[in-house]
Structures are given as C-alpha cells and as structure tokens.
Amino acid sequence: MKPILYIIIPCYNEESVLPITSGLFLDQIHTLISKEKIDEQSRILFIDDGSKDTTWNIIMELAKKDEHYIGIRQSRNRGHQNAVLAGLMEAKDHCDITISIDCDGQDDISAMEAMVDAYLDGCEVVYGVRSKRDTDTFFKKFTAQSFYKFLNAMGAEVVYNHADYRLLSSRVLQELADFKEVNLFLRGMVPLVGFKSTSVYYERHERMAGESHYPLRKMVSLAFDGITSLSIKPLRLIMGLGILVSFLSFLGAIWAVISQLTGHAITGWASTTCIICFIGGIQLVCLGVIGEYIGKIYMEVKARPRYIISERTKKE
Ligand code: UDP
Ligand code: MG
C-alpha cells in the first residue's frame, strides 16, 4: 500500500511567496503520485500562523481550486515551532508520513522524493540536512554554525545543519504527541523520540520573496529555548564554576590570614573591590540562568495549550 503524505507548511505573513511556492509543492505531490510512491489522498497542509496580511485568504483560495490543498489557521501568531507542531498534530491521524518544510522555497522541494524513498526503505525519521551554506551571508553562516556548536556543547542533541525540513512517520508522530512540553524545540525533541533515522542532503536556496522572520534576536532566543528545554548542563556548569570560585576564595582567605599574621597586611582597597565585583558578577549570571529555568518550569506547570486552531479550510 502506498503511504499518504501530508506536507506541513507553516506560513506567517507570506503573501508574497505563497503564490509562487504553492504550485511547486503541488507539482511535487503530483510527481510523487505519478511515480506511485505516495497515495492519491496525499495533501499539502498550510498552517497560517496568525498572519496579518492576506495569507489566509490565499490559502482558502488554493483550497477551493484543488483538493490537495488544505489549511488550518492559528488563532494568533505563536511562532514557527508551534505552527509546525499544530500541523503535525492535525495530520497525524490522517496520514502515514509528514514532511515539514518552510513555505519560502529555500529548502529544495525535490529532496522530498529521496525522503520518501528512505521511508520506503524502512526509516521512520528522515532529516533534511543542508549540504552547504553558499547562499547565506557570512553573518548568517557564522551565527547559524555557532548556534549548532553551542547547542551541542550545552548538551542539546541536534543534527548539524538540519532545520525543520524532515520526514516523520505517523508512528513517530503518535509518540511525539506524548511529549507534552510547552517550550518547543522540535529539532531537539525528534532525536529523543528515536526510531530508525537517516539524513537526506540538499542545497538551500535564497528566499523566493519576502523577508526572513528570524533576525538575530529570534535566533538567540531559539538557541536559549533549545538549550534550556533539552538539557540541564548550564546548571551543572554553574555548580562547577561555584566550586572553582569557592576554592579560589578559600586560597585567598588563607593568603589573607597569613598576610595578617606575618604583618604584611596593607590597606588593599583595589584588590577587595576587584574580588567583590568578580564574585558579584558571577553570582548574577548564575542567578539569571537559574531564573531562566524557573521561568521554564513556571510555563510548563501552567500547561497552556501549545496551539489553538481557529479555522479550517476543510470542514470535517
Ligand atoms: N513562520 C511562522 N511563524 C512565525 C515566523 C515564521 O510560521 O512566527 C514560518 C515562515 O512563514 C516560514 C518558516 O516559518 O515558512 C521559516 O521562517 P523564515 O523563512 O522567515 O526563517 P529563515 O528561513 O530565515 O530562518
Ligand atoms: Mg526561510
């Protein structure tokens, strides 16, 4: 039996690219159907992440034109990760496989065939991995690579140069549904689900139109979320730092006592100030990191819904 594929596409203020890329996704579905790799029931599922432009109208028009297009709309903008999750959870009971991809045409749509092939060979998770970053500016390349290195150093297991272009089987989706966390970082969560996985390499292009929604500020915040929602290594590092500073202070204290006893004590204003500043700074940073985790716990305890769907193109 051929698998039913749902392509999951989050869209936020994408009126300029959607008319271009929607046709490319449909072509890909038709190609895969004609090669008998996927079922005719396969769909392209757009998730409008509370766009403020005409994105939702475009999605509704597409759905009227061709039955392969369907769409859901979030009640407000909740961010890329939540939009992808909404799409995955919406699709999980209707399909055998999903492929999530951005709507801007940056990720090579034709790599989907290799992903489906890998699934047909028995893989349940197929990561789309960028083979090179030629089209990126030096700044984007540098920040993105530091991002992966930093994440891994901090104990969050992520696939290098893999964003959110990936195939998941419905079995993986069912298991992923049991990961109830509110702080989402899908590319760190998927490896935790396990199952047989592989990677498909592709070249990433430039955005077909419109602008990136991931400025440095959002990337830093995603990196923080990634680290703090996947690992407690920063807390351990703090503890290590605390032990080190305590040890140094202990040595300092012995030195002070000896100086006092041998009569070498001087009015050391500068050294005292330096030590106070140093310890004060470290304590504040450590408190900040602990606060970040407490904030996360606070959000998790409230267990608010991770997405709210306000409209659907297809009435069930
Ligand atoms: N996106 C979203 N909600 C947001 C921001 C972005 O659904 O709040 C979608 C966006 O429409 C696109 C994908 O997430 O399909 C990736 O965004 P973008 O291309 O701006 O990021 P970049 O590729 O520059 O990292
Ligand atoms: Mg993009």
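Both backbone and side-chain heavy atoms feed into the values below; hydrogens, waters and symmetry mates do not. Order of appearance sets the numbers: ligands from 1, and atoms from 1 within every ligand.
Of the heavy atoms in Ile9, none comes closer than 4.0 Å to ligand 1. When heavy-atom distances to ligand 1 are checked against a 4.0 Å cut-off, His80 comes that close through both its backbone and its side chain. Residue contacts with ligand 1 for Arg78 are absent, since no atom lies close enough (heavy atoms, distance under 4.0 Å).
For the pair Asn77 (side chain) and Gly50 (backbone), a donor-acceptor distance under 3.5 Å is absent. A donor-acceptor pair under 3.5 Å is absent between the side-chain atoms of Glu203 and the main chain of Ser131, judged by distance alone.
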- Message: Please evaluate residues Asp93 and Gln174 with respect to the criterion side chain to side chain donor-acceptor pair (under 3.5 Å), reporting the C-alpha separation (whole Å), side-chain torsions for both, the decisive distance (0.1 Å), and the verdict.
- Response: CA-CA 9 Å; Asp93 298 321; Gln174 300 295 347; 3.3 Å; yes
- Which is it for Arg166 and Asp164 under the side chain to side chain contact (heavy atoms under 4.5 Å, CB included) test, yes or no, and what are the steps along the way? CA-CA 6 Å; Arg166 75 175 82 78; Asp164 280 295; 2.6 Å; yes
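If you count the protein N, O or S atoms nearer to the Mg ion (ligand 2) than 2.8 Å, you get 2.
Atom CZ of Phe179 is surrounded by more than 12 heavy atoms from other residues, nucleotides or ligands within 6.0 Å. Annotation for Tyr293: atom OH counts as buried by contact number, over 12 foreign heavy atoms lying within 6.0 Å.
Closest heavy-atom approach to atom 7 (O) of ligand 1 within the set Cys103, Pro10, Ser100: this belongs to Pro10. Residue nearest to atom 19 (O) of ligand 1, selected from Asp102, Asp104, Ile47, Asp48: Asp104 (by heavy-atom distance).
The aromatic rings of His68 and His30 sit perpendicular, their planes meeting at an angle over 60°, well past the 30° parallel limit. Note on ring orientation: taking the six-membered ring where Trp is involved, the planes of His162 and Tyr127 are perpendicular (angle over 60°, cut-offs 30° and 60°).
Using a 4.5 Å heavy-atom cutoff, the side chains of Ser249 and Ile279 are in contact. With contacts defined as side-chain heavy-atom distances shorter than 4.5 Å, the pair Thr21/Asp104 does not qualify.
At the top of the distance list for atom 4 (C) of ligand 1, counting protein heavy atoms only, stands Asp49 OD2, 3.4 Å. Closest protein heavy atom to atom 21 (O) of ligand 1: Tyr214 CD1, 3.3 Å. For atom 18 (P) of ligand 1, the nearest protein heavy atom (residue, atom name, distance) is Arg207 NH2, 3.4 Å. For atom 20 (O) of ligand 1, the nearest non-hydrogen atom of the protein is His213 N, 2.5 Å. Scanning the protein for heavy atoms near atom 22 (P) of ligand 1, the closest one is Ser212 OG, 3.7 Å.
Take Ile238 and apply the side chain to side chain contact (heavy atoms under 4.5 Å, CB included) test, not counting sequence neighbours, and it matches Cys286, Val289, Ile290.
The ligand atoms of ligand 1 that sit less than 4.0 angstrom from a heavy atom of Asn77 are 3 (N), 4 (C), 8 (O). Atom numbering of ligand 1 starts at 1 in the shown order; those under 4.0 Å from a heavy atom of Glu14 are 10 (C), 11 (O), 12 (C), 15 (O).
Shortest non-hydrogen contact noted between Cys95 and Ser170 is O-CB, 3.4 Å.
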